Protein chains: 2
Amino acid sequence: MRIQQLSACTGATIDTLRFYEKKGLITASHFRRGENGYRSYNDTAIERVEMIRRAQSAGFSLAEIAELFDLWDSERLSDDLIVAHLREKQQQIARKIAELEQIQQYLADKIQRLRG
Amino acid sequence: MRIQQLSACTGATIDTLRFYEKKGLITASHFRRGENGYRSYNDTAIERVEMIRRAQSAGFSLAEIAELFDLWDSERLSDDLIVAHLREKQQQIARKIAELEQIQQYLADKIQRLRG
DNA sequence: ATAAACCCTGGAGTATACTCCAGAGTCAAG
DNA sequence: CTTGACTCTGGAGTATACTCCAGGGTTTAT
């Protein structure tokens, strides 16, 4: 799959995809280079981009997402260490969910009052 | 309450508070001006700032938050219209929660695999 | 009354996350 | 073999959300 196709099926622009690569969010494991120098993406790239968009929409910065992916893809860290870090991220996400639920509650209250 | 105290009890810097004001997130209803021109905040300002931080951490831009607050504080819109808009926001939040839960699931799966 | 600590405005500077070229090479169709 | 659609890199430009002055006035404590 070439860059335009990945762009089409993820909704991210071509420039954005190259930007993510520069930031280390898309790596060698997600594409290879043809003899002409063109990027040729495999299917894991789609999943990656979708994950980036999800995490971003949920309030994570690209730096935080990169951190998560490094952990995710890590070969050199001990499993226990990775698990510990992943648990930390889970807690971070749990906090974000709690924040959203609190806003949700405010909205529900407001709606209640308006509807009498 | 003066600006330093609001800063202290919300964690937002003084510059940030003035910035929020410039963006219309903190309004005349949250403070008055003393004779010296100093801002004097009431307690609703604390709630406001905390709400901004929560929403922001959950992935909303200041523009989106301002939109929500406009709705919230609106006197001139019909109640039905406000309710409709608030419901829209609720759905937006529900989507964000779903995204976070999906990431949460990925993390759980990864942890499962690592723990054998 | 003067120093230290606070407040004000306006504007410049920074980090993040894109977005948009310029200038160049590649490839498929006619 | 040229035209049009695609690709590349590097760098400049933009929007958002701060962050940090400069240059001024105010308040509080000594």
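Chain letters run A, B, ... following the sequence lines, proteins first, then strands; residues in each count from 1. Just so it is clear, the model here is predicted, and its values are computed rather than measured.
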* Pair B/Ser74-B/His85, side chain to side chain contact (heavy atoms under 4.5 Å, CB included): steps then yes or no -> CA-CA 12 Å; B/Ser74 177; B/His85 277 101; over 6 Å; no
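Cation-pi geometry between B/Arg48 and B/Phe69 is met: under 6.0 angstrom from the ring centre, within 45 degrees of the axis.
Rounded to whole Å, the distance from CZ on A/Phe60 to P on C/dA17 is 13 Å. Rounded to whole angstrom, the span from the CZ atom of B/Phe19 across to the C1' atom of C/dG13 amounts to 14 Å. A/Ile65 places its CD1 atom 13 Å from the P atom of C/dT16, with the value rounded to the nearest Å. The nearest whole Å value for the distance from the CD atom in A/Gln4 to the P atom in D/dG4 is 17 Å. When rounded to the nearest whole Å, the span between CG of B/Leu17 and P of C/dC6 equals 15 Å. As rounded to whole Å, 13 Å separates atom P of D/dT9 from atom CD1 of A/Ile14. If you measure from atom CD of B/Gln5 to atom P of C/dC6, you get 12 Å, rounded to the nearest angstrom. Atom NZ of B/Lys23 and atom C1' of D/dA17 are 8 Å apart (whole Å).
When the nucleotides D/dA17, D/dT19, D/dT7 are ranked by their closest atom to the side chain of B/Thr16, D/dT19 comes out on top. The side chain of A/Asp15 sits closest to C/dT19 out of C/dC7, D/dC6, C/dT19. Listed nucleotides: C/dC6, D/dC18, C/dC8. Nearest to the side chain of B/Arg18: C/dC8. Checked against D/dC6, C/dA17, D/dA17, the side chain of A/Gln56 finds its nearest nucleotide in C/dA17.
Environment of CG in A/Asp43: sparse, with no more than 12 heavy atoms of neighbouring residues, nucleotides or ligands closer than 6.0 Å.
Residues of residues 31-51 of chain B that place a heavy atom closer than 4.0 Å to DNA chain D, in numerical order, are B/Asn36, B/Tyr38.
Using modelled atom types and a 3.5 Å distance limit, the side chains of A/Glu47 and B/Tyr106 yield a donor-acceptor pair. In this structure, a donor-acceptor pair under 3.5 Å is absent between the side chains of B/Asp80 and B/Ser78.
Ionic pairing of B/Lys23 and B/Glu64 is not present here: no N-O contact between side-chain nitrogen and carboxylate oxygen is shorter than 4.0 angstrom. Electrostatic pairing of A/Arg39 and A/Glu21 counts as a salt bridge here, judged by a charged N lying under 4.0 Å from a carboxylate O.
Of the two residues contacting DNA chain D, namely B/Arg53 and B/Arg2, the nearest-nucleotide position lying further toward the 5' end is that of B/Arg53.
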